[in-house]
Undergrad: 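Can you read through this structure? Questions will come right after.
Please read all numbers here as calculations on a predicted model, not as lab measurements. Chain naming here is simple, since letters A, B, ... match the order of the sequence lines and numbering starts at 1 in each.
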Amino acid sequence: MSGLPKKILVANRGEIAVRVMRSCHELGIQTVAVYSEVDRKALHVRMANEAYCIGPAPSSQSYLRGDAILEVAKESGADAIHPGYGFLSENAGFAQKVLDAGLVWIGPKPFAIQAMGSKTESRARMVAAGVPVVPGGTEPIVSPEEALSIANDMGYPVMIKASAGGGGKGMREVSKEEELIPAFNAARSEARNSFGDDSVYIEKRIIRPRHVEVQVLADQHGTVVHLFERDCSIQRRHQKVVEESPCPVLLPETRRAMTQVAIQAAKAVHYEGAGTIEFLLGEDQSFYFLEMNTRLQVEHPITEMVTGVDLVQAQIRVASGEALSFSQEDLQQKGHAIECRVYAEDAANNWAPSPGLLRCYTEPSGPSIRVDSGVYEGSEVTVYYDPMVSKLVVWGENRADAIRRLKRALNEYQILGIQTSIPFFQALMDDADFLSGVYDTGFLTQEKMNQLTAYDDSIDPDLVAALAILALEKDLTLKPAVSKRQHSKWKWFYQEKR
Amino acid sequence: MSGLPKKILVANRGEIAVRVMRSCHELGIQTVAVYSEVDRKALHVRMANEAYCIGPAPSSQSYLRGDAILEVAKESGADAIHPGYGFLSENAGFAQKVLDAGLVWIGPKPFAIQAMGSKTESRARMVAAGVPVVPGGTEPIVSPEEALSIANDMGYPVMIKASAGGGGKGMREVSKEEELIPAFNAARSEARNSFGDDSVYIEKRIIRPRHVEVQVLADQHGTVVHLFERDCSIQRRHQKVVEESPCPVLLPETRRAMTQVAIQAAKAVHYEGAGTIEFLLGEDQSFYFLEMNTRLQVEHPITEMVTGVDLVQAQIRVASGEALSFSQEDLQQKGHAIECRVYAEDAANNWAPSPGLLRCYTEPSGPSIRVDSGVYEGSEVTVYYDPMVSKLVVWGENRADAIRRLKRALNEYQILGIQTSIPFFQALMDDADFLSGVYDTGFLTQEKMNQLTAYDDSIDPDLVAALAILALEKDLTLKPAVSKRQHSKWKWFYQEKR
Amino acid sequence: MRYEITLNDQVFLVEVNKTETGYTYAIDGGEEQHCSAERLSFNRHALLFRQRSVDVQYSLDEDAEIHFEGRRYVANIMDPRKKSIKMASGGSGDVVRSQMPGRVISILVSEGDTVSKGQIVATVEAMKMENPLKAPRDGVIASVDVAPGDLLEAKGVLLSLRPVD
Amino acid sequence: MRYEITLNDQVFLVEVNKTETGYTYAIDGGEEQHCSAERLSFNRHALLFRQRSVDVQYSLDEDAEIHFEGRRYVANIMDPRKKSIKMASGGSGDVVRSQMPGRVISILVSEGDTVSKGQIVATVEAMKMENPLKAPRDGVIASVDVAPGDLLEAKGVLLSLRPVD
């Protein structure tokens, strides 16, 4: 064993870069940030020991430029690279180049990334490994007739999916026979336009499915443990919005089976490091492999909170060749953790992005609350990257306690200058269906969104008085010339909806 | 059961008032703050739903005025009072008045406060309950001759202590016979001056003792559980500075015995609510009852972090008549937690207080870190109250992880305007004796303090450049008149010591 | 001093004055009340209405934004003596803007169309997503200022509204 | 622009100039170096020295205080062209002050005594505790300005020092 890295380059930005650097600093490891031209003042640059500009704002010219990042690694003398999530984290070619440069890649071997990167290949591998998959072929289907015959055999509803797909592109649900052929043709054409590859396959549509995923951690010595599950069924446009652990409806025997299957899946690709196996969970507790994410997940903090394991520290240790310091028996799922992804988005307006300057930014605090953030008061949410502002993660002795704490924390958040999804979360935490724990990935229907973003028109008179007082205070302290300009200015007005 | 209170008056200030209010808000309970004239802008006032001024700055004219506080309870319609720690929290007379006013007192019954409030009475009760106490009489000793005979029988070293004592006043250590009589007379005179009561007693001095205390929680239905121990041996002038849980040297069988004894002690006074039984732990794992604190402790967060129990929520629930929702078997001590009390004090200068305006104040953040604070950037640490700025509490999978995380968090703290004990903690976290875990209450000798506050004279050239750049930036943006004044001003200079 | 404050389409006229102990105010000619207001920093005040404690963060620099009891509000604050200036520069909700830089995908209304509040009137592509823009109030389209394909700056105007006749 | 910066009794003369991309500086006539400095808020800057990233909070209002890489420093920054003013108002460490309001308990030195840096020269009771005050540097007591029992304001001066002859 050659010991831990001395200096880690974090090939990412935002909250995940900050979070990774914190673990590095705790291990006494120096950190190198890379940044694009608009990110000079970003929190991850401020947090790092060294920082290098790698190009203009668009990701394709900065955070996705593997060559520039390897340059920086060489120049800075970094001996390892942590990719975070997104960007280059699941790029097997980049991982290989990192290894070829003699650096430690804090992630699985390129082979595992590749094997799990293609839906068709990963599905075939999982079937071979005895992992349950959603009924349906993994082979690309070329003719409408073949599609029809497969779908009829399987029974409706079915899903048509693009082999190279993601983010809902090239995906169609078909609930009866006569809809199949038009949907098949549309999916192929969309897949071709989106991915340059028109391969599609058909699988059984699971009714009222939940998205439940299992965190695994594997060292280079063949040990694989699981860190229990996360339920990520609250989604909009196939993007996770709220995650919780444990899954409120998972039966103990299903948990045992699902986590065992997850370990099987990881072993099937000789997995190393932290990874996540995503499943669909049916109403009858049947579950089916969806895909594997060969990197740290956005929602990893809820697993850290219920298990006490620092996943980033564990990633660094196993990538350095250390054996896992704990066994499966040491791991417990204690209490309940929930994460809300606070986005610069207007939930009431079809999640329209709301970039801008954070005129005020105060995070909640107190017992069992964690805020992972890449922003600060005065920083800007730009249009160039994912508009996530921060992740609010809370822990409670049980689900009800965690929800109570979340409500309190959401009320303590103070963000001005942009619209955020906080009002949506505040409404969600009072929603009877969410509180029941019985929901599925279709939870956020248009109707539910309308309920959760319903406009409360009542105005507190003290709020009106507060505005008048602050305006007067400002007028009294400003020079007349400035205050004149202030008053003549036309202002857009609305209340944040919830 | 009449349910939880609707509105709780928090008869305290600073971080503990804020922390109590957070739990209230999580339970949907309204909060009432009381404040002194200098605390109008204090964080606990801002956090509360309602706030009432109860008098001038000195505690005796505000936070200690039980009558004024009961007035506010009546006026605001509060149905319960939480006393925090310090101030009126261990005042049996006030607790009785709260009950007489028909309000819920979030603490033990006045009888228990009283019984444990006097060192002599509590010791006698503990002996009767079979709790081991430090060898020595509990009876006040009146003549020097009697003192000499007792001490000679017991063997040296011995401690002379004031019956009504606290904070080291009226306390003397005597290591040989010829020193006894002068020390006895001095202790009596100091006790008389400090407490208006010259009763003293003599007990055996334990060699290299650790201060280890057990958290208990009791409901009104006779159930008492313990939440394991806290080691508070890092002290200066008998004040705790750093606390950790678990105690690094406590053997499992000693832990079992000590926690059982703590439950016995609580049952002996029909204890209700959260309380702490303090013990001296000898090098040979023998332990002796010291005293019981009949309230929440400053260091309660480390217990919350290792057990997951929200002690304030539990206090509110049991005071409302609820049975404990968990049994002893449900409680585990998981991982390791450490608290540093960040004070506005100059550790290098004999812990001289350093009140002032917090010109900058940024707290650390990230996984498994909790900061309980009653201050904010722009607020003032006054001379009127305890100069604690905030409590930094971290959790780690083990002691080494917790210490690493603490170091990282201490480096993230940014406080300007006052001197704090942070540099002391930074040095402590590198101290080999502290890292070994083998220390006792005499750890902070003058010699150790000198080591920990040794002056590092080296100056980073980039620091010098930073100052010049910031000065220039300021000069370029200021009007000449102001900048002239700035430069002509004489400035005191020094480096914060560590 | 008097301010006209618009919040959620409701307009309030507030008379406010500084006193030795804080501020007195009266809303829409109602009872005069007192508030203690302490400045905490450039964008934060601690208010006490009678005994109610409210901690506000605010920004009066561009929009009048305030965070009050767990919620963010955006308001319009006007000095009524300068009302004419307001009229000249356009009443509230008289235009449809894109909050972000982007490209116009579609315009769903024409000049003279009657629209109701919340009706989707255009879509803009920004941050790789289609974003619908809604009418801020009931009204009639006074002008369409852009066409599909046009590039927009942040806060760029697409349409303007006039009251229903 | 030139500044004389005193830190830990060490004096540095820094030549610093603003450029298009940041600042150039030279310490004590050494090599000219570059630093990028971005203002984040009224009391915070993000600095890049070559590739080293340092985030500083500072306050130049009363004392020159800075938080640099996990540590707080208090410095003296002077414009050497105005050095005469400094001389008139007293060199650094020329007085012993109490940081807090309190009462003088004892004065342990007399006029003319030679003291060494760190030597306890007086004690003051403040916040219910006895606080020792130390000599800020080697020197000779030039004057004793207070007597035991005297009340002190915050930053009140007790003694003044002059250099060892």
Side-chain angles (χ1 to χ4, degrees), chain A residues 237 346 349-357 359-362 377 383-384 386-387 410-420 422-423 426 455-476 483-484 486-496 498, chain C residues 1 3 5-10 12 14 16-18 23 25 27 33 35 37 39 43-45 47 49 52 54 56-79 82 85-86 89-90 92-93 97 99-101 126-127 129 131-132 134 136 154:
Chain A
R237 296 179 193 151
D346 183 1
N349 193 14
N350 199 24
W351 303 94
S354 171
L357 180 71
R359 296 186 182 283
C360 301
Y361 181 76
T362 306
E377 186 162 298
V383 296
Y384 297 107
D386 182 63
L410 288 164
N411 281 332
E412 274 188 40
Y413 244 123
Q414 301 196 38
I415 305 182
L416 295 183
I418 60 169
Q419 288 193 61
T420 71
I422 290 173
Q426 288 173 320
Y455 205 141
D456 173 8
D457 256 335
S458 64
I459 293 289
D460 186 331
D462 290 346
L463 163 60
V464 176
L467 285 164
I469 288 164
L470 298 172
L472 176 60
E473 173 118 337
K474 177 159 187 167
D475 281 350
L476 293 179
S483 106
K484 197 168 170 186
Q486 178 63 24
H487 285 125
S488 64
K489 198 156 177 289
W490 177 88
K491 286 186 200 101
W492 181 250
F493 67 97
Y494 56 90
Q495 181 199 357
E496 188 155 341
R498 55 165 291 184
Chain C
M1 189 73 181
Y3 294 98
I5 294 176
T6 312
L7 259 169
N8 288 1
D9 296 334
Q10 296 172 56
F12 304 87
V14 188
V16 58
N17 291 294
K18 198 173 174 105
Y23 296 83
Y25 64 89
I27 301 175
Q33 299 189 78
C35 176
R39 187 175 185 279
N43 64 5
R44 202 183 254 287
H45 262 74
L47 307 177
F49 295 96
R52 181 191 189 192
V54 184
V56 296
Q57 273 200 288
Y58 58 92
S59 163
L60 305 183
D61 294 332
E62 292 203 2
D63 298 315
E65 276 188 277
I66 188 167
H67 200 280
F68 187 94
E69 298 280 33
R71 229 41 115 79
R72 169 180 177 254
Y73 298 86
V74 180
N76 180 31
I77 305 178
M78 283 241 323
D79 180 342
K82 294 166 185 144
I85 299 168
K86 176 198 173 193
S89 67
S92 50
R97 293 167 189 267
Q99 293 301 304
M100 291 162 294
M127 297 174 89
M129 291 206 294
N131 303 290
K134 298 176 181 174

Undergrad: Could you give me the CA-CA distance, side-chain angles and deciding distance for D460(A) and R52(C), then say whether salt bridge (Lys or Arg N to Asp or Glu O under 4.0 Å) is met?
TA: CA-CA 13 Å; D460(A) 186 331; R52(C) 181 191 189 192; 2.9 Å; yes
Undergrad: What verdict does the side chain to side chain contact (heavy atoms under 4.5 Å, CB included) test give for D475(A) and D79(C), after you've listed the backbone C-alpha separation in whole Å, the side-chain angles of each residue and the deciding distance to 0.1 Å?
TA: CA-CA 11 Å; D475(A) 281 350; D79(C) 180 342; 5.7 Å; no
Undergrad: Looking only at non-hydrogen atoms, find the nearest pair between N349(A) and K134(C) and report the distance.
TA: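 Smallest heavy-atom distance, with atoms named: OD1-CE, 3.3 Å.
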Undergrad: Looking at CG of L463(A) and CD1 of I66(C), how far apart are the two atoms once the value is rounded to the nearest 0.5 Å?
TA: 5.5 Å
Undergrad: Hey, which of R39(C), Q33(C), R44(C) has the most heavy atom pairs under 4.5 Å with chain A?
TA: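 Looking at each of R39(C), Q33(C), R44(C) in turn, R44(C) comes out on top.
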Undergrad: Donor-acceptor pair, E473(A) side chain versus A37(C) backbone, under 3.5 Å?
TA: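 Flag not set: sc E473(A) to bb A37(C) has no pair under 3.5 Å.
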Undergrad: Using non-hydrogen atoms only, which part of L47(C) is less than 4.5 Å away from chain A: side chain, backbone, both, or neither?
TA: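 For L47(C), side-chain heavy atoms alone lie under 4.5 Å from chain A.
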Undergrad: Let me know if E377(A) has heavy atoms under 4.5 Å from chain C in its side chain, its backbone, both or neither.
TA: side chain
Undergrad: Please round to the nearest 0.5 Å and tell me the distance separating atom OH of Y413(A) and atom NE2 of H67(C).
TA: 10.5 Å
Undergrad: Can you find a heavy atom in the side chain of Y3(C) that is under 4.5 Å from one in the side chain of L472(A)?
TA: yes
Undergrad: A side-chain contact here means heavy atoms from C-beta on lying under 4.5 Å apart; do D462(A) and F68(C) qualify?
TA: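 Side chain of D462(A) against side chain of F68(C), heavy atoms only: contact under 4.5 Å found.
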Undergrad: Do you know which two heavy atoms are closest between F49(C) and A465(A), and how far apart they sit?
TA: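 In this case the closest contact between F49(C) and A465(A) is CE2-CB, 3.8 Å.
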Undergrad: Do L470(A) and I77(C) have side chains that get closer than 4.5 Å, going by heavy atoms?
TA: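 When only atoms from C-beta onward are counted, I77(C) and L470(A) do not touch, as no gap falls below 4.5 Å.
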Undergrad: Taking all non-hydrogen atoms of both residues, which atom of E65(C) and which atom of G417(A) are closest, and how far apart?
TA: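 Of all heavy-atom pairs spanning E65(C) and G417(A), the closest is OE2-N, 2.7 Å.
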Undergrad: For S59(C) versus L416(A), what's the shortest heavy-atom pair and its separation?
TA: N-CD1, 4.0 Å
Undergrad: Is V16(C) close to chain A through its backbone or its side chain, or both, or neither, when contacts mean heavy atoms under 4.5 Å?
TA: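 Its backbone and side chain both get close to chain A.
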Undergrad: For side chain to side chain contact (heavy atoms under 4.5 Å, CB included), just list the numbers for I459(A) and F12(C), CA-CA rounded to whole Å, side-chain angles, deciding distance to a tenth of an Å, and then say yes or no.
TA: CA-CA 10 Å; I459(A) 293 289; F12(C) 304 87; 3.8 Å; yes
Undergrad: Do I415(A) and R72(C) have side-chain heavy atoms sitting under 4.5 Å apart?
TA: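 Counting from C-beta outward, I415(A) and R72(C) never come under 4.5 Å.
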Undergrad: Do the side chains of N43(C) and R359(A) get nearer than 4.5 Å, heavy atoms only?
TA: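 Not in contact.
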Undergrad: Looking at side-chain heavy atoms only, is the closest gap between V464(A) and Y73(C) below 4.5 Å?
TA: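 V464(A) vs Y73(C): side chains apart.
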Undergrad: List the atom of A75(C), the atom of L467(A), and the distance in Å for their closest heavy-atom pair.
TA: CB-CD1, 3.8 Å
Undergrad: What are the two closest heavy atoms between G70(C) and Q426(A), and how far apart are they?
TA: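 Smallest interatomic distance, heavy atoms only, reads O-NE2, 3.0 Å.
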